[in-house]
> 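Just dropping this structure here.
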Amino acid sequence: AQSVTQLGSHVSVSEGALVLLRCNYSSSVPPYLFWYVQYPNQGLQLLLKYTSAATLVKGINGFEAEFKKSETSFHLTKPSAHMSDAAEYFCAVTPGTASKLTFGTGTRLQVTL
Amino acid sequence: DAMVIQNPRYQVTQFGKPVTLSCSQTLNHNVMYWYQQKSSQAPKLLFHYYDKDFNNEADTPDNFQSRRPNTSFCFLDIRSPGLGDAAMYLCATSRDLGESETQYFGPGTRLLVL
């Protein structure tokens with residue numbers, strides 16, 4: 001079954017520093033990949049999704065992710081972290097049907113002054 | 001704005017007392033989902049409806065039921081809540097079931113069981 005692995009359950013960066021959240025997928029064919037963000041006591045909000053149209057995907061709030069087939073990765077980046085980026089981030093994949101959206105274990109991003 | 005709405009945002013119930021959580025959507029999507037999310041964990045799918053067709057996940061306890069009376073509304077019924085059912089419950093929708101479809105989530109209802 002297709003799955004995603006998020007490396008690092010907690011990531012801490014300084015405000016203004018680069019944000020890099022890692023996600024690797026296991027799939028023999030290019031999957032549909034998603035990044036969601038969850039703020040405390042909120043639902044999940046879609047940041048961006050990969051649908052094979054372009055390997056570099058731009059999302060909301062200045063985030064982007066690059067699909068690298070050779071590395072089976074879909075890492076999320078943002079050039080300059082802001083305090084408001086502190087949240088839980090989930091990478092997810094849909095293995096064949098939207099009803100089987102499979103999440104990674106999540107990465108909690110902390111942004112410090 | 002089109003959206004997914006969940007009420008209430010916080011629900012307190014007593015051990016064993018039935019509780020119903022509600023979800024509505026203005027997106028006119030065919031599919032509605034219910035997830036359970038415990039602290040510091042990823043959401044876990046309980047079941048979904050494709051139109052009126054109900055699909056239960058194999059490991060969803062019988063204690064959890066759902067109703068979808070029309071396209072816009074979907075309810076989660078917990079017949080006899082236990083302490084282990086305290087969690088955030090998330091409703092989501094998608095236009096269809098294709099693998100490229102995006103799921104749109106509501107703000108969630110946090111359930112506390114006393």
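All heavy atoms count here, side chains included; hydrogens, waters and symmetry mates do not.
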> About how many Å separate CZ of A:Phe34 and CD of B:Gln103, when rounded to the nearest 0.5 Å?
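Answer rounded to 0.5 Å: 8.0 Å.
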
> Sort A:Leu44 into side chain, backbone, both or neither according to what part of it lies under 4.5 angstrom from a heavy atom of chain B.
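Looking at A:Leu44, backbone and side chain both touch chain B.
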
> Testing the basics here: between A:Gly104 and B:Ala42, what is the closest heavy-atom pair and its distance to 0.1 Å?
O-CB, 3.3 Å

> Do the charged groups of B:Glu57 and A:Lys100 touch, with an N to O distance under 4.0 Å?
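Looking at B:Glu57 and A:Lys100, the cut-off is met.
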
> Going hydrophobic residue to hydrophobic residue with side-chain gaps under 4.5 angstrom, can you get from A:Leu20 over to A:Leu48?
no

> About how many Å separate OG1 of B:Thr102 and OH of A:Tyr36, when rounded to the nearest 0.5 Å?
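Going from the OH atom of A:Tyr36 to the OG1 atom of B:Thr102 covers 5.5 Å.
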
> Given that the side chain runs from C-beta out, which part of B:Tyr10 has a heavy atom under 4.5 Å from chain A: side chain, backbone, both or neither?
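Just the side chain, heavy atoms under 4.5 Å.
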
> Looking only at heavy atoms, what is the nearest atom pair of A:Phe103 and B:Pro43, with distance?
CD1-O, 3.9 Å

> For the interface with chain A, which of B:Ser100, B:Ser40, B:Gly98, B:Gly108 has the highest count of heavy-atom pairs at distances below 4.5 Å?
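Maximum pair count with chain A is reached by B:Ser100.
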
> Answer with yes or no whether the hydrophobic clustering places B:Leu83 together with B:Ile78; edges join I, L, V, M, F, W, Y residues whose side-chain heavy atoms lie under 4.5 Å apart.
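Yes, because B:Leu83 and B:Ile78 connect within a single hydrophobic cluster, where side-chain heavy atoms sit under 4.5 Å apart.
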
> Rounded to the nearest 0.5 Å, what separation is found between the OG1 atom of A:Thr105 and the CD atom of B:Gln41?
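So the OG1 of A:Thr105 and the CD of B:Gln41 are separated by 10.5 Å.
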
> If you measure from OG1 on A:Thr94 to CD on B:Glu101, what distance do you get to the nearest 0.5 Å?
9.5 Å

> Is there a path of hydrophobic side-chain contacts, each under 4.5 Å between heavy atoms of I, L, V, M, F, W or Y residues, that connects B:Trp34 with A:Leu101?
no

> Check this for me: A:Arg22, atom CZ, are more than 12 non-hydrogen atoms of other residues, nucleotides or ligands nearer than 6.0 Å?
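Not more than 12 within 6.0 Å, no.
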
> Contact part of A:Glu88 toward chain B, heavy-atom cut-off under 4.5 Å: side chain, backbone, both or neither?
neither

> Identify whether A:Val93 and A:Val37 are in the same connected component of the hydrophobic contact network (ILVMFWY, side-chain heavy atoms under 4.5 Å).
yes

> Between B:Gln6 and chain A, with a heavy-atom cut-off of 4.5 Å, which part of the residue counts as in contact: side chain, backbone, both or neither?
neither

> Check whether any side-chain heavy atom of A:Gln42 sits under 4.5 Å from a side-chain heavy atom of B:Arg9, and report yes or no.
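SC-SC contact between A:Gln42 and B:Arg9 confirmed.
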
> Would you mind checking which part of B:Asp96 comes under 4.5 Å of any heavy atom in chain A, side chain (CB onward), backbone (N, CA, C, O), both or neither?
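Backbone only.
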
> Does any backbone or side-chain atom of A:Gln45 lie under 4.5 Å from a heavy atom of chain B? Answer side chain, backbone, both or neither.
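Neither the backbone nor the side chain of A:Gln45 comes within 4.5 Å of chain B.
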
> Does B:Phe64 share a hydrophobic cluster with B:Leu90, counting links as ILVMFWY side-chain heavy atoms below 4.5 Å and allowing steps through other members?
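In one cluster with B:Phe64: B:Leu90, no.
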
> Go through the atoms of A:Tyr39 and report whether side chain, backbone, both or neither lie under 4.5 Å from a heavy atom of chain B.
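Contact with chain B involves no heavy atom of A:Tyr39 at all.
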
> If you count heavy-atom pairs within less than 4.5 Å of chain B, which of A:Asn41, A:Leu33, A:Leu46 leads?
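Ranked by heavy-atom pairs under 4.5 Å with chain B, first place is A:Asn41.
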
> Which bit of B:Leu97 comes within less than 4.5 Å of chain A, counting heavy atoms only: side chain, backbone, both or neither?
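Both backbone and side chain.
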
> Does atom CG of B:Asp59 have more than 12 heavy-atom neighbours, drawn from other residues, nucleotides or ligands, at distances under 6.0 Å?
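It does: B:Asp59 CG has more than 12 such atoms within range.
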
